[in-house]
Amino acid sequence: MSSSASTIADEVARRRTFAIISHPDAGKSTMTEALALHARVINEAGAIHGKAGRKSTVSDWMEMEKARGISVSSTALQFNYTPSGAAEGDEPAVINLVDTPGHADFSEDTYRVLTAVDAAVMLIDAAKGLEPQTLKLFQVCRHRGIPVITVINKWDRPGRTPLELLDEISERIGLTPTPLFWPVGIAGDFRGLRDVRKDEYVHFTRTAGGAKIAPEEHLSTDDALDREGDVWAEAVEETELMTEMGQGHDQEMFLAGQTSPVIFTSAILNFGVRQLLEALVELAPAPHARAAVDESEREVTDPFSAVVFKVQAGMDAAHRDRLAFMRIVSGEFERGMVVQHAQTGKPFATKYAMTVVGRDRETVETAYPGDVVGLVNANALAPGDTLYDGAKVQFPPIPSFAPEHFAVVRADSAGKYKQFRKGIEQLGTEGVVQLLRNDVRGDASPVMAAVGPMQFEVVVARMKTEFNVAAQVEHLGYSVARRTDAASADELNRQRGVEVFERTDGALLALFSDKWRLQYIEKEHPDLTLEPLVAAA
Ligand code: G4P
């Protein structure tokens, strides 16, 4: 029997679904582990930095990512967390931490994962400041209206000053940082945090190897001044400066994506990690209604609906299968329920529903909005698809982002043409790459378009393991794509360094060797249709 709307509303209210966006090496894995430690999912941290030599579910997940090199896995880690101020009998918060691919390469997967979250934690290395991948990911959050909490990590190591780092955030990305917890001690001398809102000092004590939760002492301003002297006074002065500049936390501005609460941390020492978890529970939005293609809103308490945001195949040799990950948008999910697939109009049985963390799969019996569930052998499902029960709903497709890498793919042997076609079609449907065609090149060697070149390697690897076809990739010398139309196509095809293609969704794309060529053509032929593709559907 399914739950009442009030049960669903209660479940929704305690959920927080977010992703960590960061440049590689900023400490995402270490922070994930530190969060798991604070939520007591694991007892000891250290698997990542090799200090404790202990195996855990979490580390398996991340080890797998590292071992594979290409991170094709994007799943979610779910845990309960009871904030320190919770009253007796309060239900714990349910945290869904959705993993973004960790590889330096950038792929469409990363974008898609961000369609499944309600908030993001932007993790910045205190010595490096904003890095390219953080910036790109941040742009996606802004585009989707995802509120962002900023975490300045590695404060235990020498780095920049807090004011410099926050200036960079407001100047380069136009987001106003609003500090919640300010560091006491310069980068490299991390003593604790000033809780800006409570005006108290949280002093941390290191544990051996940073393996345990760092003990905290809470001191009043006077005691903090006695203990830390000028170091405390400086933290107070700096935060007051921020407050005077109007940079105090404002929940509405945060939810509107205009401000970002800031916390300074050391993931490796577990300093500031509890503060981050509590800020997530307190400030990040719970799952909310989602707009459908017809612009109606699916409320969280409406009957079940979900969006597929990721399809993953061949996760390991023992399970040669395809998993579709859905983020639940509304209602209660019960394993075994038969739902409708909006794209095909066909029923879909959910007997094999699981959560997937690394190699571990666990059957899911019940799930609520905000949760991520993997469906096994979901061959009909593609990213962006809608599943629902009750009144029909279809959510807008996941935008396909502007590709910057292009390559021809060919089967090594002509004899395998049939499997080759099948494989390419399949991978195109799953959204591993975008597929482009034109009459000149013909069908035997379609052109793949990707946000990151690693997507091509995934195609070659999967063609081999799943379709038994050896394939070759030949990179093409294009780096910019623009959407065009049939009226402009002939003129564009006559230009040097330009080629027009039709994408599987019917869009016409003109590829240019570089942005200079594009600019030249735009200037010479102002009448041609050339639209940027940032988030074209
Ligand atoms: P990623 O997932 O974002 O790529 O980063 P990851 O957690 O793997 O961390 C990258 C490196 O930064 C690791 O060091 C990790 O130990 C270190 N690190 C993460 N957070 C902190 C922090 O708060 N303080 C300090 N000082 N270091 C941090 P490594 O050199 O790759 O490994 P190891 O030598 O530590 O084992």
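Both counts, for ligands and for their atoms, begin at 1 and track the order of listing. In what follows, every heavy atom counts, from backbone to side chain, and hydrogens, waters and symmetry copies are set aside. Numbering starts at 1 and runs along the sequence shown.
- By the criterion of a heavy-atom distance under 4.0 Å, both the backbone and the side chain of S266 are placed next to ligand 1.
- Under a 4.0 Å criterion applied to the non-hydrogen atoms of P24, ligand 1 contributes the atoms 4 (O).
- For M31, no nitrogen or oxygen atom sits less than 3.5 Å from a nitrogen or oxygen atom of ligand 1, counting backbone and side chain alike.
- Each of the following atoms of ligand 1 lies closer than 4.0 Å to a heavy atom of D25: 1 (P), 3 (O), 4 (O), 5 (O), 10 (C), 12 (O).
- Remark: E365 CD is packed, more than 12 non-hydrogen atoms of other residues, nucleotides or ligands lying under 6.0 Å away.
- Remark: side-chain polar atoms of R142 are paired, donor with acceptor, to backbone N or O of I173 under 3.5 angstrom.
- Evaluated by nearest non-hydrogen atom to atom 28 (C) of ligand 1, the leading choice among K154, K28, R157 is K154.
- Between E228 and R194 no salt bridge is recorded (no basic side-chain N to carboxylate O distance below 4.0 Å).
- Checked by distance only, ligand 1 and T265 stay at 3.5 Å or farther apart across all their nitrogen or oxygen atoms.
- Using cut-offs of 30° and 60° on the angle between ring planes, the pair F325 and F309 is tilted.
- Under the 30°/60° scheme for interplanar angles, the aromatic rings of F204 and F271 are found to lie parallel.
- Here atom 9 (O) of ligand 1 lies nearest to T30 when heavy atoms of L123, T30, I268 are compared.
- Annotation: the span from T17 atom OG1 to Q78 atom CD amounts to 8.0 Å, rounded to 0.5 Å.
- Under a 4.0 Å criterion applied to the non-hydrogen atoms of N153, ligand 1 contributes the atoms 20 (N), 21 (C), 23 (O).
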